[in-house]
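Not measured: the values here are computed from a predicted model. Throughout, protein chains are lettered first and strands after them, A, B, ... in sequence-line order, and every chain is numbered starting at 1.
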Number of protein chains: 2
Amino acid sequence: MAVTDVADPFDMSLAAISKHLMILTRAGLISQEKRGRVKWCKLEPDALRAASVWMQGFGQFEPVNLDAFERFLATELPQRE
Amino acid sequence: MAVTDVADPFDMSLAAISKHLMILTRAGLISQEKRGRVKWCKLEPDALRAASVWMQGFGQFEPVNLDAFERFLATELPQRE
DNA sequence: GGCAAGATCAACCGATCAGTTGAATATGGC
DNA sequence: GCCATATTCAACTGATCGGTTGATCTTGCC
């Protein structure tokens with residue numbers, strides 16, 4: 001999805017969208033690849049996995065069984081390319 | 001844990017801590033109970049569960065199988081009072 | 001080659017944040 | 001009853017946020 005495509009549904013300037021995409025890229029939530037004059041943006045589906053795992057452990061005295069959790073994720077969640 | 005206990009490790013004013021705890025309470029992450037002049041704060045361990053589930057679904061085309069995920073949580077994570 | 005499209009840059013501005021301070025209130029200990 | 005403790009309140013301040021605008025640069029189309 002190009003930057004202008006991302007911007008299209010929003011009622012705000014292209015410069016503001018560009019700023020947000022820069023932040024999302026730095027955070028690792030999306031990645032950007034320039035081809036010609038167009039910058040293509042791609043979601044990074046696994047970007048929030050670590051945060052999700054951490055949140056599972058929130059308030060627990062024993063840490064989450066991470067191995068079991070990862071196995072669960074591998075079997076229950078569809079694989080993506 | 002009392003408000004002053006929470007504040008103790010931090011190098012900032014009690015008023016600032018009080019503000020933060022108010023926000024955390026409004027967000028549902030902790031709950032507060034006043035007994036006498038002391039306000040007791042308690043973590044709400046399940047507060048981030050919904051967010052964690054949502055994050056698991058981040059970037060997936062098919063939504064997370066929530067029933068399976070909940071069953072996983074029930075068996076793998078220790079129950080707390 | 002000129003013009004348009006795609007995108008970012010730099011400067012700006014109003015709003016909000018995140019802390020402090022001193023005052024105030026409520027409660028408990030002696 | 002006085003003093004201390006626990007906690008919040010209100011006002012304030014500097015920093016940061018989140019947008020805009022106009023300029024600028026790069027690339028592509030005709």
Side-chain angles (χ1 to χ4, degrees), chain A residues 1-64 66 77-81, chain B residues 1-64 66 77-81:
Chain A
M1 187 169 242
V3 172
T4 45
D5 297 325
V6 176
D8 194 51
F10 299 100
D11 185 26
M12 62 201 271
S13 72
L14 192 52
I17 296 291
S18 181
K19 270 185 170 184
H20 280 292
L21 292 175
M22 190 73 67
I23 294 166
L24 291 170
T25 301
R26 277 211 317 272
L29 298 180
I30 66 168
S31 54
Q32 291 184 298
E33 178 196 11
K34 190 169 187 189
R35 288 194 252 115
R37 67 186 177 187
V38 176
K39 260 234 189 114
W40 295 97
C41 308
K42 190 165 73 77
L43 201 67
E44 293 295 341
D46 291 335
L48 291 174
R49 185 167 281 201
S52 175
V53 169
W54 181 88
M55 285 184 171
Q56 285 306 318
F58 181 79
Q60 312 293 342
F61 284 93
E62 294 94 21
V64 173
L66 294 185
L77 296 180
Q79 288 303 330
R80 298 253 78 80
E81 269 324 284
Chain B
M1 186 168 245
V3 172
T4 44
D5 297 325
V6 176
D8 194 52
F10 298 99
D11 184 27
M12 61 200 268
S13 74
L14 193 52
I17 298 291
S18 181
K19 269 182 169 184
H20 281 292
L21 292 175
M22 190 73 68
I23 295 166
L24 290 170
T25 300
R26 278 211 318 275
L29 298 181
I30 66 170
S31 54
Q32 290 184 301
E33 179 195 11
K34 190 169 186 189
R35 287 195 252 115
R37 68 187 176 186
V38 176
K39 262 238 187 106
W40 295 97
C41 306
K42 192 164 72 77
L43 202 67
E44 294 294 341
D46 290 335
L48 291 176
R49 184 169 282 201
S52 174
V53 169
W54 182 88
M55 286 184 171
Q56 284 306 319
F58 182 81
Q60 312 294 341
F61 283 93
E62 292 95 23
V64 173
L66 296 184
L77 296 180
Q79 289 300 331
R80 298 249 79 81
E81 271 321 286

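Here the closest non-hydrogen pair linking B:Gly59 and A:Leu43 is CA-CD2, 3.3 Å. B:Leu21 and B:Gln32 get closest at one heavy-atom pair: CB-NE2, 3.8 Å. The two residues A:Ser31 and A:Glu44 come nearest to each other via the heavy atoms OG-OE2, 2.7 Å.
To the nearest 0.5 angstrom, A:Leu29 atom CG is 5.5 Å from A:Leu24 atom CG. Note: A:Trp54 CH2 to B:Leu48 CG = 6.0 Å, rounded to the nearest 0.5 Å. Separation of atoms SG (B:Cys41) and CE (B:Met1) is listed at 9.0 Å; rounding is to 0.5 Å. Note that CG of A:Asp5 is 6.0 Å distant from CH2 of A:Trp40, once rounded to the nearest 0.5 Å.
Going from atom CD of A:Glu33 over to atom C1' of C:dA7 covers 16 Å, rounded to whole Å. Per the geometry, CZ belonging to B:Arg35 stands 17 Å off C1' belonging to C:dA26, to the nearest Å. Taking atom CE of residue A:Met1 and atom P of nucleotide C:dA7, one finds them 12 Å apart after rounding to whole Å.
In this structure, A:Lys39 reaches the C:dT8 phosphate: one of its side-chain N or O atoms is under 4.0 Å from OP1 or OP2.
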Bracket string, DNA chain C, 5' to 3' - pairs by Watson-Crick or G-U geometry under 3.5 Å, | interstrand
||||||||||||||||||||||||||||||

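Side-chain contact between A:Met12 and A:His20: present, with at least one pair of heavy atoms (C-beta onward) separated by less than 4.5 Å.
A residue-by-residue look at A:Arg37 and B:Val3 shows that B:Val3 has its nearest nucleotide of DNA chain D further toward the 5' end.
The stretch residues 7-26 of chain B comes close to DNA chain C through B:Met12, B:Ser13, B:Ala15, B:Ala16, B:Lys19, B:His20, each having a heavy atom under 4.0 Å from the strand.
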